[in-house]
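It should be emphasised that the depicted structure is a prediction, and the values quoted were computed from it without experimental measurement. Only this structure's heavy atoms are used, side chains among them; waters, hydrogens and symmetry mates stay out. Here is the naming used below: chain letters follow the sequence lines, and residue numbers restart at 1 for every chain.
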Number of protein chains: 4
Amino acid sequence: MAGRKEELSGKPKPRKRDASRSRGLILQAALEEFSEHGHSGARVDRISRRAGVSKPLIYDYFGDKDAIYAAALKESYVQIRQAESELDFDSVDPEEAIRKLVRFTLGHFREKPWFIAMLNTENLRGGSTIRTLEDAAGVQSVLLQRLTEILRRGADQGVFRDNVDPRDFYVSIASLCWFPVSNRFTLASVFGLEMDDEWYAQRAETAAEMLVAHLKNPA
Amino acid sequence: MAGRKEELSGKPKPRKRDASRSRGLILQAALEEFSEHGHSGARVDRISRRAGVSKPLIYDYFGDKDAIYAAALKESYVQIRQAESELDFDSVDPEEAIRKLVRFTLGHFREKPWFIAMLNTENLRGGSTIRTLEDAAGVQSVLLQRLTEILRRGADQGVFRDNVDPRDFYVSIASLCWFPVSNRFTLASVFGLEMDDEWYAQRAETAAEMLVAHLKNPA
Amino acid sequence: MAGRKEELSGKPKPRKRDASRSRGLILQAALEEFSEHGHSGARVDRISRRAGVSKPLIYDYFGDKDAIYAAALKESYVQIRQAESELDFDSVDPEEAIRKLVRFTLGHFREKPWFIAMLNTENLRGGSTIRTLEDAAGVQSVLLQRLTEILRRGADQGVFRDNVDPRDFYVSIASLCWFPVSNRFTLASVFGLEMDDEWYAQRAETAAEMLVAHLKNPA
Amino acid sequence: MAGRKEELSGKPKPRKRDASRSRGLILQAALEEFSEHGHSGARVDRISRRAGVSKPLIYDYFGDKDAIYAAALKESYVQIRQAESELDFDSVDPEEAIRKLVRFTLGHFREKPWFIAMLNTENLRGGSTIRTLEDAAGVQSVLLQRLTEILRRGADQGVFRDNVDPRDFYVSIASLCWFPVSNRFTLASVFGLEMDDEWYAQRAETAAEMLVAHLKNPA
DNA sequence: GATGAATGAGAGTTCATTCAT
DNA sequence: CATGAATGAACTCTCATTCAT
């Protein structure tokens with residue numbers, strides 16, 4: 001919490017024996033460790049080495065491994081929300097806003113691999129941890145609000161159909177962006193795909209194409 | 001003596017000391033265990049209990065935990081291929097074939113949860129195991145051939161555009177079917193979605209709609 | 001026992017499904033396995049593979065691992081006794097007989113490494129097995145008798161002192177022959193000795209020299 | 001609190017949480033365990049109980065069983081070197097020095113049974129570990145230097161021949177001292193020897209006699 | 001006479017977690 | 001605020017031994 005406060009105040013003061021700084025280091029280390037090795041594969045020992053702090057300190061701050069995991073899971077949502085909040089959709093028309101959102105989503109999944117890793121891990125575990133996180137719902141609301149607004153603008157302008165549920169539509173967007181990134185290793189092996197930057201750029205365009213066509217289709 | 005009796009009665013009822021049967025039991029148990037707990041979380045002890053055999057037998061047949069995992073991963077592909085091979089696309093027109101394939105894919109992901117779980121686990125591990133499996137590529141080729149044929153039929157009939165790469169299009173299909181199933185727990189928590197059978201049926205229709213529209217779009 | 005009988009009768013009849021032949025194969029395999037890996041390090045599984053028979057057969061013949069070990073230990077004495085019995089001392093004078101015996105002993109230790117290995121293993125175990133072997137004492141008596149005779153001949157001829165206990169003197173002979181062979185690996189490492197055939201030949205001569213000098217010394 | 005008290009009382013009485021002390025306890029326990037049971041027969045569990053520490057601590061300090069074994073093997077050399085370095089040869093004439101060395105060597109082998117046991121075990125294993133130990137050679141050099149000096153003194157005084165290689169002569173000494181101790185159990189069983197202190201004292205005298213005679217012999 | 005199939009008990013090793021300073 | 005030292009419990013894997021044919 002102290003850490004959050006500092007972030008908000010914009011005054012990062014890294015120094016030795018700084019509790020909030022240590023906490024942040026641990027959190028980032030945990031995020032990396034859990035996303036690279038999953039819940040059971042993660043090692044508290046490695047987290048402590050990655051963070052450069054002793055193990056007892058970690059237990060002091062978080063309690064136990066599950067609590068570290070929960071904090072890391074939450075952190076992954078916090079980080080993606082932050083990135084999303086910096087997006088600007090207001091200066092472009094609705095169709096372009098959708099394309100922009102698609103490109104951003106796929107790019108974000110690729111650039112921050114721990115988000116997909118953490119969520120896959122959590123779903124593998126049946127979502128038992130995310131259910132216990134407070135305001136888990138609130139964390140995604142920003143994006144949803146902005147998507148809702150885009151869809152309404154499009155409907156108002158008569159370019160989009162007006163019976164599209166934003167949540168369902170977001171699921172479609174996420175689906176098309178998630179799978180090619182999440183399953184990149186098995187896809188490469190099984191389909192022999194060469195998944196370089198160009199392939200992903202093409203993926204984003206195809207996805208945007210499908211999604212926009214769906215919105216424009218009067219159905 | 002029981003054995004002799006069986007021989008005499010002419011009814012082979014193998015229950016014990018049947019190597020291939022034991023191997024199959026272990027494989028299925030491993031598939032379930034690994035998909036429920038991931039690679040590190042899986043316990044050989046639980047696999048042995050699930051399969052109703054002793055631990056040493058497992059090591060005798062497979063070698064070590066990684067080898068069991070590899071066998072289970074391969075098995076999950078084999079099982080989905082088998083299910084796919086039973087699909088019939090020839091008796092319907094191309095558009096309906098696509099819809100059928102989409103419904104089947106999403107349904108299969110839901111019904112055989114270990115397929116998604118195993119592949120997510122494997123991707124979490126960087127695909128290090130699937131790279132070592134021989135004929136990993138061959139295992140999906142059947143489906144791809146059939147999809148290729150559907151697309152060609154549609155193009156020949158003039159209802160589909162003819163510049164669609166089957167592999168890329170399969171990625172689109174899989175994407176739309178994968179994410180809603182794979183991420184069902186986090187979606188339910190974060191979006192508060194009620195994901196019952198009806199929701200998934202609707203999902204399949206929306207996905208099929210988008211995919212078919214994409215194929216029909218001359219662009 | 002059947003095996004021994006055959007050996008004595010001098011008619012080896014190796015054929016399939018021959019109990020005594022299997023027993024001999026197992027014994028030789030056990031001798032090698034135990035001498036290469038010690039008592040705890042030996043593996044029944046490897047013995048069965050070395051002998052080319054199944055494990056249950058081994059248990060059928062011998063009982064358990066300790067019994068196999070005991071049989072192998074006894075076999076190592078039997079084999080060395082056989083070799084010793086072929087030595088001829090009568091045609092040479094007493095001094096030369098001693099030299100011959102020393103050369104033979106050292107050579108034998110080198111050529112049949114399992115003898116040293118088995119005895120070292122047994123002594124490591126506190127001799128708990130050899131104590132249970134019947135006629136363990138008798139097994140070495142042949143050699144001792146012949147040494148006694150050599151010493152008496154030398155004393156009669158006035159070339160050897162006559163107060164030498166044969167057993168003690170045999171311990172001296174064995175000591176000088178045993179250590180350079182038994183400890184060949186640590187000696188090579190720690191003293192940097194190049195222990196080739198020549199070195200061992202020189203060893204034998206030095207040992208014989210010391211032993212003969214001791215006998216000739218009127219003391 | 002106990003710790004605080006100690007600090008105040010000024011009496012450092014380290015009993016727990018003393019890394020170097022724990023390490024020493026483990027080493028001695030390992031030395032005993034390996035020498036009593038050999039490499040494969042040794043149990044890490046027993047070492048931990050003997051040392052009064054937990055198993056994980058052992059792995060923390062040494063790595064794995066082989067590493068514990070290597071450390072114990074080295075320790076056995078270190079201990080004998082230490083004992084040897086306390087011997088004084090300068091105040092006696094060369095002949096007596098040799099007798100003293102022989103008596104010491106045989107006595108040391110009897111009193112520190114783990115030295116013989118460790119080296120026998122290592123030779124049983126083909127010396128695979130000692131080859132990896134650094135400065136294995138250096139560890140015995142002190143004794144060799146001192147023996148070299150004794151031999152030179154004897155040669156200078158004209159009482160010893162001057163063509164004796166110190167390493168070879170040490171092998172003779174060790175041979176005569178090693179075998180009666182190393183093979184005490186099989187000797188007792190096979191030869192029916194009563195090997196009490198007196199027998200060993202006699203052994204030492206006989207050995208010294210032979211060795212000295214050899215040195216004095218002009219040959 | 002012989003063996004493939006199977007296992008209970010135990011071995012080495014790891015890991016989350018705590019103690020004492 | 002921070003940590004080196006230490007451990008109980010559990011995990012992977014092995015091995016002598018037996019079962020059923």
Under-4.0 Å side-chain N/O to phosphate OP1/OP2 contact, C/Ser22 with E/dG1:
no
Which of F/dG4, F/dA16, F/dT7 is nearest the side chain of C/Val44? It is F/dA16
Closest of F/dT3, E/dA9, E/dA5 to the B/Tyr61 side chain is E/dA5
By nearest-heavy-atom nucleotide on DNA chain E, the more 5' of A/Gly41 and A/Pro56 is A/Gly41
When rounded to whole Å, the CG to P distance for the pair A/Asp60 and E/dT18 reads 11 Å
Ranking F/dT7, F/dA5, F/dA2 by distance to the side chain of A/Ser54, first place goes to F/dA2
Whole-Å distance, B/Asp64 CG to F/dT14 P, equals 8 Å
**OP:** Check whether any side-chain N or O of B/Arg43 sits under 4.0 Å from OP1 or OP2 of F/dT12, and answer yes or no.
**Re:** yes
Given the options C/Asp66, C/Thr121, C/Thr129, C/His39 meets side chain to side chain donor-acceptor pair (under 3.5 Å) only with C/Asp66
Is the base of F/dT17 touched by the side chain of C/Lys55 through a donor-acceptor pair closer than 3.5 angstrom? yes
Any carboxylate oxygen within less than 4.0 angstrom of a Lys/Arg side-chain nitrogen, looking at A/Glu36 and B/Arg125? no
Taken to the nearest whole Å, CG/C/Asp66 to P/F/dC15 is 17 Å
- Task: Salt-bridge test for B/Glu33 and B/Arg50: reply yes if a basic N is under 4.0 Å from a carboxylate O, no otherwise.
- Result: yes
The answer to which of D/Ala19 and C/Tyr59 contacts DNA chain F further toward the 5' end, by nearest nucleotide, is D/Ala19
Atom CG of C/Leu57 and atom P of F/dT18 are separated, to the nearest Å, by 15 Å
Taken to the nearest whole Å, CZ/B/Arg23 to C1'/E/dG4 is 16 Å
From NZ of B/Lys65 across to C1' of E/dT13 the rounded distance in Å is 14 Å
The residue, B/His39 or D/Val53, whose nearest nucleotide of DNA chain F is more 5′ is D/Val53
note: A/Asp45, atom CG; F/dA6, atom P; distance rounded to Å ~ 16 Å
Going through the checks in order, is the side-chain contact (heavy atoms from CB on, under 4.5 Å) test met by C/Phe34 and C/Met118? CA-CA 7 Å; C/Phe34 278 112; C/Met118 286 304 288; 3.7 Å; yes
Pairing partner of F/dA20, by Watson-Crick or G-U wobble and under 3.5 Å for both distances, is E/dT3
Here the pair of heavy atoms bringing B/Ser54 nearest to B/Ser48 is C-CB, 4.0 Å
Rounded to whole Å, the CZ-C1' distance (B/Arg49 to E/dG8) equals 15 Å
Review point. Counting any heavy atom closer than 4.0 Å, what does A/Phe62 reach on the DNA or RNA strands: base, sugar-phosphate only, or nothing?
Key: nothing
